[in-house]
Number of protein chains: 2
Amino acid sequence: MSQRHTAVPAELRSRADADALIDAGYCPIPPREILDTIGGKWAIQLIVASARGPMRFTELERLIEGISRRMLTLTLRHLERDGLLKRTVYPTVPPKVEYEATPMALELYEAMLVLTNWSRRHSACVARSREDYDARQAS
Amino acid sequence: MSQRHTAVPAELRSRADADALIDAGYCPIPPREILDTIGGKWAIQLIVASARGPMRFTELERLIEGISRRMLTLTLRHLERDGLLKRTVYPTVPPKVEYEATPMALELYEAMLVLTNWSRRHSACVARSREDYDARQAS
DNA sequence: CTGGATCCCCACTGATACTG
DNA sequence: CAGTATCAGTGGGGATCCAG
């Protein structure tokens with residue numbers, strides 16, 4: 001735990017580059033902290049959905065598709081607690097509550113795009129690898 | 001599902017930029033697939049540990065600290081199946097098995113650094129947000 | 001409309017013991 | 001050395017009902 005950290009250049013491709021990063025003290029272990037935050041089944045979708053502007057509870061419920069009322073509430077609370085969503089209550093009747101991604105969440109979203117990019121570049125390769133692996137197991 | 005995707009520039013800061021990205025069809029929903037792969041408790045640590053070169057089973061077991069033999073095996077199998085680790089068996093006695101991160105895994109590792117960077121920039125903010133939130137709940 | 005409360009399931013994880 | 005097998009605990013997540 002608690003290793004040193006420095007600013008990260010991060011446009012590299014080779015094994016040597018990765019070596020250099022590790023030697024420089026880049027410790028990707030803290031991602032556990034991030035993964036605990038956004039690793040939930042719905043967190044990312046909620047951030048994306050509320051990235052364009054205020055979204056109401058029911059809007060999100062309809063948009064996310066498959067999410068239960070319980071998990072919607074829980075995940076929203078979690079994200080709000082972490083400062084990733086701003087919750088605004090309008091004391092009207094019936095009540096109206098809006099959720100909106102904070103700037104910090106938008107940056108996280110942009111960071112996620114790098115992972116998305118990786119996924120897109122390699123998903124086929126991963127799928128093929130799985131097939132090969134499963135085929136070998138069958139034999 | 002199955003939205004369009006395009007190459008990603010991804011050096012932006014504003015809400016408008018995020019809007020532009022979403023409009024352009026960047027769908028960060030697939031990260032679920034990534035998160036299922038690396039969201040495990042030990043996956044990232046194993047990738048990092050085996051990023052510098054071949055690592056033996058027992059080496060990893062000692063290095064990771066806290067991992068059980070069972071989870072080490074399971075996670076290694078999972079990563080191998082996805083093509084993120086290469087497993088090499090030397091039919092000697094006693095047996096010798098080496099695990100090494102593939103180029104694809106190294107790229108993933110580099111992508112994770114972006115998230116790590118986000119975490120480092122905002123961890124204090126998140127912590128403060130949590131304190132505020134919890135304080136409000138207490139009242 | 002926006003949740004809170006409750007019950008339940010099961011996948012992930014850990015602990016321990018055994019083996020080629 | 002490098003696993004496998006088995007049992008048990010925990011928590012995330014779903015279903016349902018209730019309430020301000």
Side-chain angles (χ1 to χ4, degrees), chain A residues 29 31-47 49-50 54-82 84-100 133 136-137, chain B residues 29 31-47 49-50 54-82 85-100 133-134 136-139:
Chain A
I29 309 291
R32 173 108 318 273
E33 179 185 342
I34 315 174
L35 291 175
D36 289 341
T37 305
I38 65 170
K41 192 173 179 181
W42 310 102
I44 294 178
Q45 297 185 58
L46 284 178
I47 290 177
S50 56
M55 291 285 286
R56 299 189 59 176
F57 188 88
T58 310
E59 278 184 294
L60 292 170
E61 187 179 13
R62 276 192 302 252
L63 187 63
I64 299 297
E65 183 166 16
I67 194 171
S68 64
R69 215 172 230 111
R70 168 187 157 78
M71 287 315 297
L72 179 55
T73 302
L74 280 181
T75 309
L76 286 173
R77 291 290 173 279
H78 211 193
L79 294 174
E80 183 198 1
R81 189 175 106 99
D82 287 350
L84 294 174
L85 290 185
K86 185 167 66 68
R87 179 170 180 265
T88 310
V89 182
Y90 299 92
T92 61
V93 50
K96 175 182 176 183
V97 181
E98 284 182 342
Y99 296 89
E100 184 173 13
Y133 184 92
R136 275 196 300 272
Q137 298 308 309
Chain B
I29 309 291
R32 173 107 318 273
E33 179 186 342
I34 316 174
L35 292 175
D36 289 340
T37 304
I38 64 169
K41 192 173 179 180
W42 310 102
I44 294 178
Q45 296 185 58
L46 284 179
I47 291 177
S50 56
M55 291 284 286
R56 300 188 59 174
F57 188 88
T58 310
E59 278 184 294
L60 292 170
E61 187 179 14
R62 276 192 302 252
L63 187 63
I64 300 297
E65 184 167 16
I67 193 171
S68 65
R69 212 171 234 111
R70 169 185 160 76
M71 287 316 297
L72 178 55
T73 301
L74 281 180
T75 309
L76 285 173
R77 291 288 176 280
H78 211 200
L79 293 174
E80 183 197 1
R81 189 174 106 98
D82 286 350
L85 290 185
K86 184 167 66 69
R87 180 169 179 266
T88 311
V89 181
Y90 299 91
T92 62
V93 49
K96 175 180 175 183
V97 181
E98 285 181 343
Y99 296 89
E100 185 173 15
Y133 184 92
D134 294 344
R136 275 196 302 272
Q137 298 308 309
S139 65

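All values below come from the heavy atoms of this structure, side chains included, with hydrogens, waters and symmetry mates left out. In this text the structure is predicted, and so the values were computed from the model without any measurement. Reminder, nothing fancy here: chain letters follow the sequence lines and each chain counts from 1.
One can place CD1 of A:Ile67 at 14 Å from P of C:dT2, the figure rounded to the nearest angstrom. For A:Glu98 and C:dC1, the CD to C1' distance is 13 Å, given to the nearest whole Å. To the nearest angstrom, C1' of C:dG14 lies 16 Å from CD of B:Glu65. Regarding B:Lys41, its NZ atom lies at a distance of 11 Å from the C1' atom of D:dT10, rounded to whole Å. Rounding to whole angstrom units, CG of residue B:Leu74 and C1' of C:dC12 are separated by 9 Å. In this structure, B:Leu60 atom CG and D:dG3 atom C1' are separated by 13 Å, rounded to whole Å. With rounding to whole Å, B:Leu72 atom CG is found 11 Å from D:dT4 atom P. Rounded to an integer number of Å, the gap from CZ of B:Arg69 to C1' of C:dC12 is 20 Å.
A sub-4.0 Å separation between OP1 or OP2 of D:dA2 and a side-chain N or O of B:Thr58 is present. An OP1 or OP2 oxygen of C:dC1 is reached within less than 4.0 angstrom by no side-chain nitrogen or oxygen of A:Tyr99. At the phosphate of C:dG3, OP1 or OP2 sits under 4.0 Å from a side-chain N or O atom of A:Arg77. B:Arg56 has a side-chain polar atom (N or O) that falls below the 4.0 Å cut-off from OP1 or OP2 of D:dA2.
In this structure, CD on B:Gln137 lies 8.0 Å from CZ on A:Arg77, to the nearest 0.5 angstrom. Rounded to the nearest 0.5 angstrom, A:Arg136 CZ and B:Arg81 CZ are separated by 11.0 Å. Rounded to the nearest 0.5 Å, atoms CG (B:Leu60) and CG (B:Leu85) are 8.5 Å apart.
Minimum atom distance to the side chain of A:Pro95 is reached by C:dC1, of the listed D:dG13, C:dG3, C:dC1. Looking at the side chain of B:Trp42, the nearest of the listed nucleotides D:dG13, D:dG3, C:dT13 is C:dT13. The side chain of B:Val97 approaches D:dA2 more closely than any other nucleotide in the set D:dG13, C:dT2, D:dA2.
Put simply, the side chain of A:Arg87 and the base of C:dT2 share no donor and acceptor less than 3.5 Å apart. Judged by atom type and distance alone, B:Arg70 reaches the base of C:dT13 through a side-chain donor-acceptor pair under 3.5 Å.
The side-chain heavy atoms of B:Asp82 and A:Tyr133, taken from C-beta on, include no pair separated by under 4.5 Å. Side chains of B:Met71 and B:Thr75 form a contact here, defined as non-hydrogen atoms less than 4.5 Å apart.
Position along DNA chain C of the nearest nucleotide to B:Gly39 versus A:Thr73 favours A:Thr73 as the more 5'-ward residue.
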